[in-house]
Amino acid sequence: MIHQDKVDINPNTETDTFPIVGIGASAGGLNAFTQLLKALPIDTGMAFVLVQHLDPKHVSLLPDLIKRTTAMPVIEISDNLRVEPNHIYVMPPTHSLALLHGVLQLLPRPDVRGKFLPIDDFLTSLAQDRQNHAIAIILSGTASDGTLGIQAIKTAGGITFAQTEDSAEYDGMPHSAIASGQVDFVLPPKEIAHKLAQIAHHPYLKQQLVNLAEDVPAKETDLSKIFVLLRARTGIDFTYYKHPTILRRIKRRMMLHQLDEMKDYVKFLRQHPKELDILFQDMLINVTSFFRDPEAFETLKKEVFPRLIEQLANEKALRIWIPACSTGEEVYSIAIALFEFLGNQVNAMHIQIFASDIDKQAIDKARQGIYSHRIDEAVGIERLARFFIKTTNGYQICTSIRDVCVFAIQNVIQDPPFSRINLICCRNLLIYLNTPLQKRVLNTFYYALRPNGFLMLGTSESIGSEAQLFSLIDKKNKIYLRKSQENLANTDLPKILPTPQSFSAFYSHSKDTPPAMQVQQAAENIILEKYGPAAVVIDQNMHILYFRGQTGPYIEPATGSASLNLLKMVHPELIIELRTLVHQAIKDNNSVRKEGLRMHHHGGYKNINLQIIPLAGSKTIVPSYLVVFEPGAEIPARQGPLQPEDACKDTRDLRISALENELLTEREYMQSIIEEQEETNEEMQSANEEIQSANEELQSINEELETTKEELQSTNEELTTIIEEHENRNQELNLINNDLINLLASIDTPIVILHKDLSIRRFTPAAKVLLNLIDTDTNRPISNIRPNIVIPDLESQLKQVIESAVTKSMEVQDDNGHWHLLRLHPYQKQNKNPDGVVMVFIDIDAIKDIEQLRNALQYERRLAAIIRDSNDAVTVQDFNGHILAWNQRATEMFGYTEDEALQLNANQLVPDIAREEMRIMFEQLQHGQKTPPCETTRCTKEGHLLKVWMTTSILKNDAGNPAAIAITEREIL
């Protein structure tokens, strides 16, 4: 049965309806991220949040690496950052992450070792905040982080993906997610990107969740068709379940199949019957946990259990029913609380806990009683030690608890309930049912409970209009007490009668009944009392439940122990016929009538008509039948003396007629018994054949197990031999490893050996300083290292060496300005296949200095010749106006010799009309801003004004800061 905590729906604005994709990964996640984002369009309208397991002690390079793979903006998350579509957000390694109303919140990283599950934490908050606009993707990684998160996404109506196990470098996380059964698509990273692009603009991901229910009236016909198909496939009728939840699940399945219209989905269901099974499972929202709302369980132990034990007195039998039990956490929680309350008295008490649900998969899991390791926080250490057994897959409920819990597949709305129950715990089922179903379920609970039995509902539920059935004893925890039948103003008994008017004496006059209605009911009671036929209501076992009218002529108490069995109380001459008719009515579930029966009455005979009417059509809780005695005309005793032969003849004829009728009735009854016996025999034979088949299968399995055992023994012997060989090989490898370590330690040249995946295999001590390495960097990717040397495009260079098996050389410079020759050699195995790279750094700093000096000298000579012979005036000045250089053409234009110019301030060359313009230009140049060439005015030594076309360039010092200005000026004629 649908069993879920109530989810609050936060109304979103239109700008917040875009989907948010949570992507979780661990080991091997970078490669998966890269493949996914490279294949992903940049205009999907989605936002992407990357969550990966990273070391908080090291600065993450993930944002920089991701930027190389996509044109979308890549942002490392800061606190209170609002999510925008077509952006990628990367979680920092120093925090945990959550989402609240579309804003990313950085939370402190927990200090508890082994408890940090950032993917589960973020996906859970994403499901709560985004609901059907949430998408989860689980990529490569170890362990099982992310599994609980995708369950939360699936429950909220979102979409879930997982990377295929064969495409993942580490398949732990994808395997755990897939095994949970909550993954919609299992695809490689590239195909996940293609699928995201397909569904990005589907209406399901654009429509606000609060508006989904508004589509129901316009599409009621198609929705009803889906309900019909589901009922035909599963036997469950969802018509009176609350439509928002049901429609949300249907919309989700439509989106997965790229269907926009509900009528198209109806056609798809007709063509693919298995989709009905998947849709049915989607509607069964199995969300529960151990000791949910702990205060409620404490109330059970303090208030309810003591009163139940007091009511039981000497009976010592306690019966509890948990409908909609989901996967059993609630059932076992109640059982544990009961065991804790009873203590040493538990062995003296006969405890029966019945748990039911319509989901077979959930019931199967509940019967196993095995749950993940993560239940420790909800259960607690003491309870784990007392009531659980640790297994390889998690924790299993101990045998003593499982022995008292019985799980069954049952529809609480349609199937017969359990009876004589002391406590019913049904939390968060009624919130998914409409009012008619709520009333039916509550009446079922009323029937199932013993007088003064307890009913516990969810905190968001109530008994509504059925207050006449239960009284509230704990408002906060929604605990009710079943009212006794004699105190009820309106019981549920009229519901088993064929019409509202029949036997209206069952209705008591309420205080709120109008006077006119009271008069009407009184009149109906008098009419039924005087003119209505005698009748009784019986159950399937022919026990009388209710008397109506003057039944004295037909029914009277039998001698002996008191009994309400109809056959023991009815007139002896009606027993045979009545038994046959009742049996036929039960078998056919239809009305049966027989007329013309005779019975002795006041010395004569009386004609009787019998009619049996099933009351199942009135939706009874207990199958019941109405037995109606319709009186016929009396046959008076003959007056006057009879001749002996007449008396003898009359007596003989009557006797023969009675015997013939009795014989015919008995034959019909015997024939029905024979038919039932034949059906039973056929069922027994079929069951016997199934048992024989099962026995043969068990024998075959046993033989296979014996064979497997022998194979395991043989394999064990082979493994022992292999282990011995490995021990010898390990000794040899230890000697070789010691030689290699000593060889590398004695070399002063920086050398780094890399694996094929570019992770560090070994390195010499000299490489530590140059590449900023530490001993624990072994097996770390070289891309995660921040060396003290600049190596452009290192990863692609290394990959080329591995692919081509050809040595490459390049000159590189470290942070101190020293030059090295980097040689990349392919690391080859004996089969000549490259399995990595050897990086060797050779110091060439001295050679590089000589080359640089020679090149600089040649460059300066060429530059000086160009400036000297230029047709333009070329000058250099600092930002204080001091002229630092002056060529021959400047002397010709302005009249100052080089020696005179070097003593001048450049402001003397600027007339007053151009001073402000030059000041602004020089301020811009001083701040590193470029200025375009422009026309300006200069002043010569003789005071003449020249129109010149001026071009400026910034000269920087060794620190990279603006230090001077080079000015080129050409006279405008």
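A quick note: this is a predicted structure, and the numbers were derived from the prediction, not measured.
A perpendicular orientation is assigned to the rings of Trp886 and Tyr896, their planes being inclined by more than 60° (bins at 30° and 60°).
Formation of a donor-acceptor pair under 3.5 Å by the Asn907 side chain with backbone atoms of Arg915 is not found in this model. In this structure, Gln52 contributes its side chain and Ser26 its backbone to a donor-acceptor pair below 3.5 Å.
Separating the CG atom in Leu104 from the CZ atom in Phe122 is a distance of 6.0 Å, to the nearest 0.5 Å.
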Practice task
Start with the C-alpha distance between Ile789 and His820, add both sets of side-chain angles, then the distance that settles side chain to side chain contact (heavy atoms under 4.5 Å, CB included), and finish with yes or no.
Solution key: CA-CA 9 Å; Ile789 188 168; His820 303 266; 3.9 Å; yes
Exercise for the section: Evaluate the salt bridge (charged side-chain N to carboxylate O under 4.0 Å, His left out) criterion for residues Asp777 and Lys768: first the C-alpha distance (whole Å), next the side-chain angles of each, then the deciding distance (0.1 Å), finally the verdict. Expected result: CA-CA 10 Å; Asp777 285 338; Lys768 289 185 177 181; over 6 Å; no
Problem - Arg762 vs Thr778, side chain to side chain contact (heavy atoms under 4.5 Å, CB included): CA-CA, chis, key distance, verdict - result: CA-CA 7 Å; Arg762 292 181 184 274; Thr778 303; over 6 Å; no
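Tested against Val90, the residues Val49, Leu65, Leu50, Ile23 include a single side chain to side chain contact (heavy atoms under 4.5 Å, CB included) partner, Leu50. Each of Leu36, Leu37, Leu30 was evaluated against Thr34; a single residue qualifies, Leu30, per the side chain to side chain contact (heavy atoms under 4.5 Å, CB included) test.
In this structure, the side chains of Ser809 and Arg823 come closer than 4.5 Å at one or more pairs of heavy atoms.
Checked for salt-bridge contact, Glu969 and Arg938 meet the test: a charged N lies under 4.0 Å from a carboxylate O. Ionic pairing of Lys195 and Glu191 is not present here: no N-O contact between side-chain nitrogen and carboxylate oxygen is shorter than 4.0 angstrom.
Ala32 approaches Pro189 most closely through the heavy-atom pair O-CB, 3.8 Å.
By the side-chain contact (heavy atoms from CB on, under 4.5 Å) test, Ala134 is found to be paired with Leu126, Arg130, Ile153, residues two or more places apart in sequence or in another chain being considered. Checked against side-chain contact (heavy atoms from CB on, under 4.5 Å), His95 has the following partners two or more places apart in sequence or in another chain: Pro92, Leu106.
Seen from the ring of Phe894, Arg889 does not count as a face-on cation partner, given the 6.0 Å and 45° thresholds.
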